[in-house]
Protein chains: 2
Amino acid sequence: MSKGSRSVQPLKSVNRPRDLTRDKVIEAGLALLDCEGVGAVTMRAVAESLNVTPMALYNHVSSKDDLLRAIAADILDNANFDGGTSDWRDQVAYCFAEFRAICLRHPGLSRLLETPDIAPGTVFAPMEVTLNALSQAGLSELDGVRTYFTLVGFTIMQADYQSRGPYIDLEPADGTRSQRIAGRGYRMVEGMELPREWDFGAAFDFGLSLILDGVEAAIRRSDRQRGQTSDIGGE
Amino acid sequence: MSKGSRSVQPLKSVNRPRDLTRDKVIEAGLALLDCEGVGAVTMRAVAESLNVTPMALYNHVSSKDDLLRAIAADILDNANFDGGTSDWRDQVAYCFAEFRAICLRHPGLSRLLETPDIAPGTVFAPMEVTLNALSQAGLSELDGVRTYFTLVGFTIMQADYQSRGPYIDLEPADGTRSQRIAGRGYRMVEGMELPREWDFGAAFDFGLSLILDGVEAAIRRSDRQRGQTSDIGGE
DNA sequence: ATCAGTAAATATACAATGTATATAAGAAGG
DNA sequence: CCTTCTTATATACATTGTATATTTACTGAT
């Protein structure tokens with residue numbers, strides 16, 4: 001400023017405090033994600049909320065994807081999926097109830113987790129507790145992983161449904177299929193009507209117990225097989 | 001062409017055949033979706049593949065979202081989810097195996113179906129056959145819908161995983177959590193290694209049977225609660 | 001045929017976005 | 001003070017969706 005002999009005017013802000021950090025960028029991005037949704041997380045918006053030029057962010061974040069990944073990782077890292085219960089079923093239920101709660105607390109997170117390029121490795125944080133519980137329950141390691149994938153997919157999807165509202169069909173397609181969901185209430189096959197307020201929590205609990213009941217059946221089956229050394233057909 | 005007396009030069013194409021239709025736009029978009037993925041479906045790319053100006057599309061499609069929705073609807077409308085089998089379990093399994101097959105045949109579809117704004121009402125096409133089968137099996141209507149949502153979410157998610165490759169963590173996060181999946185093979189908790197080629201089909205079958213086993217358990221439970229009604233041949 | 005009217009394509013333009021590149025302002029060390 | 005490195009800025013560009021205005025081709029009445 002005291003120099004000012006160059007042809008170029010002083011830039012946007014004369015005092016540029018050197019205190020921008022990666023954490024601040026992530027935090028600002030997270031705030032935007034929580035308040036306005038994933039669509040609002042633009043580099044310019046994050047920069048503006050930090051009173052900084054868009055390009056300043058690139059000193060702390062290599063790309064927008066990197067930022068989104070860091071946001072998702074930040075959320076998941078600060079979570080605890082271990083309920084500390086002894087019963088495997090309680091443990092798994094707690095784990096995914098927590099997962100779901102986090103997704104609902106941060107609308108837009110499920111969208112990020114659906115995108116492999118963006119989802120951080122820590123999406124698999126709950127895997128550890130789940131695999132431990134399932135292996136303790138007697139499930140094979142392979143089936144444990146398969147079960148885990150079933151559970152994460154289901155949980156993320158359910159949370160995403162809830163966060164972003166149900167499906168809407170603006171135009172009734174072609175009439176041959178009348179099912180549609182509109183607003184919160186929905187109308188589906190053959191004029192069937194369901195409660196205007198869909199209870200996502202109950203639906204999640206139901207789906208979760210479906211899967212866990214299935215796990216129990218699988219365990220029982222493998223136990224029986226091990227006891228009788230006979231081939232189980234399943235079907 | 002023969003006229004050409006105006007001050008403005010002949011435009012891009014002198015003969016502009018008036019043969020652009022909504023179906024052609026949808027078809028071109030679908031081709032792009034299948035070949036290059038959802039990211040390649042831009043208005044400009046679709047227009048170019050039809051030898052037409054981007055804005056020409058807007059005479060047949062009200063927006064890009066409308067186009068994407070139409071593409072998804074087109075795929076689903078040309079599908080049949082009714083296997084025609086009598087056993088409810090076979091019926092539901094067929095329905096979602098078909099759903100999955102469609103998602104895999106059209107990579108990028110699952111991405112569209114994950115977006116409520118874009119998913120057409122016909123995502124619920126398989127709902128009819130599923131609800132019929134489940135109600136025939138003795139499940140209540142409410143639980144039938146819940147089960148259906150569990151199944152679609154699971155199926156779409158699984159297909160999406162498979163279509164877009166598993167999660168990748170470029171940088172090992174913070175080390176405390178070592179789980180990650182890289183490439184086709186993946187490494188997870190505590191140095192656990194799994195087969196390099198993950199069998200998505202087997203994982204889907206496993207998850208599906210988990211859910212269906214859970215349904216059976218739910219039916220048994222409600223049967224028992226209702227006293228003893230043995231008319232419905234669950235198992 | 002001619003001429004208006006309409007529908008469909010074009011041309012142009014603009015705003016939003018991610019990010020490459022070059023530059024300037026401080027801080028650090030000699 | 002001078003060099004050098006880091007961090008922020010300024011500018012610019014390519015890509016996207018799409019609004020607006022314009023031009024062309026087709027249609028139907030006269």
Side-chain angles (χ1 to χ4, degrees), chain A residues 1-26 28-29 32-33 36-71 112 115 117-118, chain B residues 1-26 28-29 32-33 36-71 112 115 117-118:
Chain A
M1 176 197 263
S2 57
K3 193 178 260 184
S5 59
R6 295 306 178 92
S7 59
V8 183
Q9 292 290 353
L11 303 182
K12 174 181 182 181
S13 149
V14 179
N15 57 337
R16 276 168 308 177
R18 196 77 51 97
D19 58 353
L20 190 60
T21 64
R22 180 167 229 260
D23 281 344
K24 285 188 181 176
V25 174
I26 294 171
L32 277 171
L33 180 76
E36 323 250 355
V38 63
V41 185
T42 70
M43 297 307 271
R44 284 175 166 84
V46 172
E48 189 176 10
S49 86
L50 291 165
N51 276 314
V52 138
T53 299
M55 291 311 293
L57 305 178
Y58 286 87
N59 285 311
H60 308 275
V61 154
S62 68
S63 67
K64 187 188 179 185
D65 277 8
D66 182 36
L67 171 58
L68 292 176
R69 203 179 307 123
I71 292 172
L112 298 184
T115 309
D117 298 341
I118 289 174
Chain B
M1 177 197 268
S2 55
K3 196 178 258 185
S5 59
R6 295 303 178 93
S7 60
V8 183
Q9 290 293 353
L11 304 180
K12 173 183 182 179
S13 149
V14 179
N15 56 336
R16 276 168 307 179
R18 195 75 54 97
D19 57 354
L20 189 61
T21 65
R22 182 168 229 260
D23 280 345
K24 284 187 181 178
V25 174
I26 294 171
L32 277 172
L33 180 76
E36 323 250 354
V38 64
V41 185
T42 70
M43 297 306 271
R44 285 176 166 83
V46 172
E48 189 177 8
S49 86
L50 290 166
N51 276 316
V52 139
T53 298
M55 291 311 293
L57 305 178
Y58 285 87
N59 285 312
H60 307 276
V61 155
S62 68
S63 67
K64 188 189 177 182
D65 277 8
D66 182 36
L67 171 58
L68 292 176
R69 203 179 306 123
I71 292 172
L112 298 184
T115 309
D117 298 341
I118 289 174

Worksheet item: Once you round it to whole Å, what is the distance between P of dA20(C) and CE of Met43(A)?
Response: 10 Å
Fill in: Residue Leu20(B), side-chain atoms from C-beta onward, closest of dA9(C), dT17(C), dA13(C)
dA9(C)
Discussion item. Assuming nearest nucleotide by heavy-atom distance, tell me which of Lys64(B) and Ala56(A) is located more 5' along DNA chain D.
Written reply: Ala56(A)
Worksheet item: Between dT17(C) atom P and Leu68(A) atom CG, what is the distance in whole Å?
Response: 14 Å
Worksheet item: Expressed in angstrom and rounded to an integer, what is the separation of Leu67(B) atom CG from dT18(D) atom P?
Response: 10 Å
Fill in: Step-by-step side chain to side chain contact (heavy atoms under 4.5 Å, CB included) determination, Leu20(A) to Asn59(A)
CA-CA 9 Å; Leu20(A) 190 60; Asn59(A) 285 311; over 6 Å; no
Response to the item:
In whole angstroms, the gap separating C1' of dA25(C) from CG of Asn59(A) amounts to 13 Å
Worksheet item: In whole angstrom, what separates Glu48(A)'s CD from dT17(C)'s C1'?
Response: 14 Å
Fill in: Distance, rounded to the nearest Å, where Asp66(A) contributes CG and dG18(C) contributes C1'
14 Å
Fill in: Heavy-atom side-chain contact between Leu68(A) and Thr115(A) under 4.5 Å
no
Worksheet item: Looking at dT16(D), dT18(D), dT11(D), which one has an atom nearest to any side-chain atom of Ser63(B)?
Response: dT18(D)
Worksheet item: Side chain of Thr21(B), backbone of Lys24(B): donor and acceptor closer than 3.5 Å?
Response: yes
Discussion item. What is the separation between atom CG on Leu57(A) and atom P on dA20(C), rounded to the nearest whole Å?
Written reply: 13 Å
Item to complete: Ignoring hydrogens and angles, tell me if any N or O in the side chain of His60(B) forms a donor-acceptor pair with the backbone of Val25(B) under 3.5 Å.
Response: no
Worksheet entry | Minimum-distance nucleotide (side-chain atoms of Met55(B) versus dT18(D), dG17(D), dT9(D)) | dT18(D)
Worksheet item: Starting at OH of Tyr58(A) and ending at C1' of dT7(D), how long is that distance when rounded to a whole Å?
Response: 16 Å
